[in-house]
Amino acid sequence: MNAGPRWYVAHTYSGYENKVKMNLEKIVENRGLGHLIFDVRVPVETIVESDGGVEREIESKIFPSYVLVKMIMTDESWHVTRSCITDSSIYDGETRDDTLPQTDPEPVTITQAAAPLVERYSRSVRVQETVAPIELIHTPAGELVLDLGQNLVGTFALRVKAEAGSKIFVQVGEVMQNGCFYNENLRTAKAEYTYISDGVEKTVIPTFTFYGFRYVKIEGLPDLKMEDFTALVLYSDLPQAGEMITGHEKVNRLIRNVQWGQKGNFLDVPTDCPQRDERLGWTGDAQVFSATACYLRQCYPFYRKYLHDMATEQQVLGGMVPDIVPSLGKAYQGTACVWGDACTIIPWNLYQMYGDKTILAEQFESMAAWVDYITSLDGEDHGWSRHFHYGDWLALDHPDNRPDQCMGGTDVAYISQIYYRNSAKIVADTAALLGKQAQAEKYAALADRLTQYLVQEFFAPNGRCCIDTQTGLVLALRNDLSPNAEKCAQRLAEKLSQTHGKLQTGFVGTPFLCSVLTDYDMAHQAYQLLLNEDYPGWLYAVNLGATTIWERWNSMNPDGSVSSTGMNSFNHYAYGAIFQWLAEYAAGLKPATPGFRRATIAPVPH
C-alpha cells in the first residue's frame, strides 16, 4: 500500500521531448519525488504530393501531445504483508500456498539504492501469444500429461477447482520418452510449480519464473480437462521484420523452428537455452545468430542493451569479453575466440542490417578494447592461440569421435587467429566510418599482419589449406585467405563427397557453410545439405518432431530416444543461423549498402 501516485502533465511538441524530460527530471529531483516513468507520443501528419512518380514533402503538421508522468514514491508510506508465494526461482519454479493466513501490514525499511537507476535500454518482456493444448495424454506410467504441440517459453494459466489444502503439482518437459513424461535433460533445474488450494475456484499463474516446455505433467487434478490449461508465451517485444514461406513443407517447419527458437531465447538476454539449469547469455550463440535474428525481428534495441551489458563487463575486466553476458561473477568470466568476438561482430551486423552508425559509435571503445586485450595476450609468439578456445563447438569431426565429445576437429589456433584478424578488420572499418583515421590505420595494419601470418602458417605455397576440415576450408574461402581459392573450393567439395554430402561442422563452420558453397558455384551441394533428412542435418530433427532448433545434431536418436542428458537442449537457436542463407541466397535478398538503402534481389534456384 502507498499514498497513491501523483500526476503531472506537460504540454510538448515534436523535437522538444528531451527538453521536457530534463525539466521533469529537475522537478523530480527538487521535490524529492523519487523516479519517474516517462512517455511521449507526438503525432505528425505529413502531406506528400507526387510529380511524375517523384514524391516530395510539401507540408508537415505537428499536433500537440501530452507527456504523462506517474511518480511512484518508494518511501516510508509503503507497507508490506507476507506473500502467498513462498519460494520462486527461474530454475526450480515456484510454490504458492493460498492457505496461509493474512498477516498485518508492516512498514518498509528505507535503504539507499545499491546503484542508480538508469533508463531502460531494451524492449519489455511480456505475454505475446497463448497456446492451447492439443492432447491430454494418459501415459503408461499413469501420468496426466498435456501436449502443447510446440516447444515454447513462458508460464501458464491453470484453472483450479479443488478442496482446501489440496496440492496441485506441475512439472514441465520438452520431449516424451517411451510414451511417458521426461525432464532429465533439464539437469538440476526442477522447473516445477506447486499450488496449495484454499478451496476457492480460480486461475493460477506463476509470477516470478518462466519455463521452457512442450509437455506438462499435472498431479492433484484428476478431472483435468485440456481447456483448464493455457500456455502464456513470453519473449521480448520485438516486432516481426520478415517472413519466408517455401514450397517445401519440411523447410517451412524448419523456418518456424528457427522463429520459435528465437522467441524462446530472447527474454531480454539472448540465452543459449531457456529450460535447463543454464539459461545464460552465451556470447558465441548470440554472435552466430545475430544476422539471422535481424532478418526475422527488429532486434536493434535488444542487441543494443546486450552490447551495453557487454561493454560494462569489459570495464572491470580490462577489455576481456566474458563467455557469458551478464557474467554472473568470476565463475563465468572465462573468454575465447568466436565467443568474445561477439563484441565486434554483433555491432557490425547491426550496422549492416540497419544502417545506423550510432551503434558503432556507442560500442567503438568496447570493440577496440577487445582487440587490444587479444593483442596483449598474443604478444610476439601468438599466445592467443594457446589460450583455451571452444573452437568449432559440437562439430562431428574430432579424431576421437566419442559420443559425448564437444570439441571439433579444426585447429583452434587457426580459428582464433582468423577471428582475431577479423575483429581487427571490423574495428579498422568502424574507425574509418567514424572518422577516427589514426585508429583506422592502426587496426588495419594489425589485420594485414595477421593475414600475412595466417597465409604463411596455415597454407602451402600452392594455396592448399593445411587445415583439412570442412570448417577449415569454409573459413579459408569466406575470409579470402587462400592464395588459390579454386583449389580450396575443390577440396571442400571433396570433403563433402567423402561424407556423402553431409556436414561435419559445428558452431564456427555451420553458419557459413551453405553461403560459401553457393559463392563458389556449389549451390547444389548447399541445397543438398539443407534438404538432407538423415543425420546430421536440419530436417533430421524436423522428421523426429522438432518444433525448435536443437543444441546437437543428434540431440535425439533415430528411434526417438534422447542421446544424452549431460548437455542436451531441444531449444538452442545457434544452428538456426541457416535462415540467413535462406534469406540471402534461396530468397536472394541482401543489403547492397548498410541498412538495405540499396538491396540486391537475386534468388539462387535449386
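Numbers here simply count residues along the sequence, with the first being 1.
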Decide if the gap between the ring center of Y390 and the ring center of W339 is smaller than 6.0 angstrom.
yes
Test: R279 cationic atom under 6.0 Å from F210 six-membered ring centre, within 45° of axis:
yes
When you measure from the centre of the six-membered ring of F596, is the NZ or CZ of K590 under 6.0 Å away and within 45° of the axis?
no
Any chance you could measure T510, atom OG1, to F512, atom CZ, to the nearest 0.5 Å?
10.0 Å
Check whether the ring centres of F181 and Y215 lie less than 6.0 Å apart, and answer yes or no.
no
More than 12 heavy atoms from other groups under 6.0 Å of NZ on K425
no
With ring centroids as reference points, do F507 and Y575 lie under 6.0 angstrom apart?
yes
Interatomic distance, CG@L152 vs OG1@T548, rounded to 0.5 Å, equals 9.0 Å
How long is the span from the CH2 atom in W348 to the CG atom in D429, to the nearest 0.5 Å?
4.5 Å
Are the ring centres of F289 and Y573 closer than 6.0 Å?
yes
Step-by-step ring pair (Phe, Tyr, Trp, His ring centres under 6.0 Å) determination, W538 to W553:
CA-CA 8 Å; W538 289 278; W553 293 116; 5.3 Å; yes
Of Q363, K357, M367, which meets side-chain contact (heavy atoms from CB on, under 4.5 Å) against T430?
M367
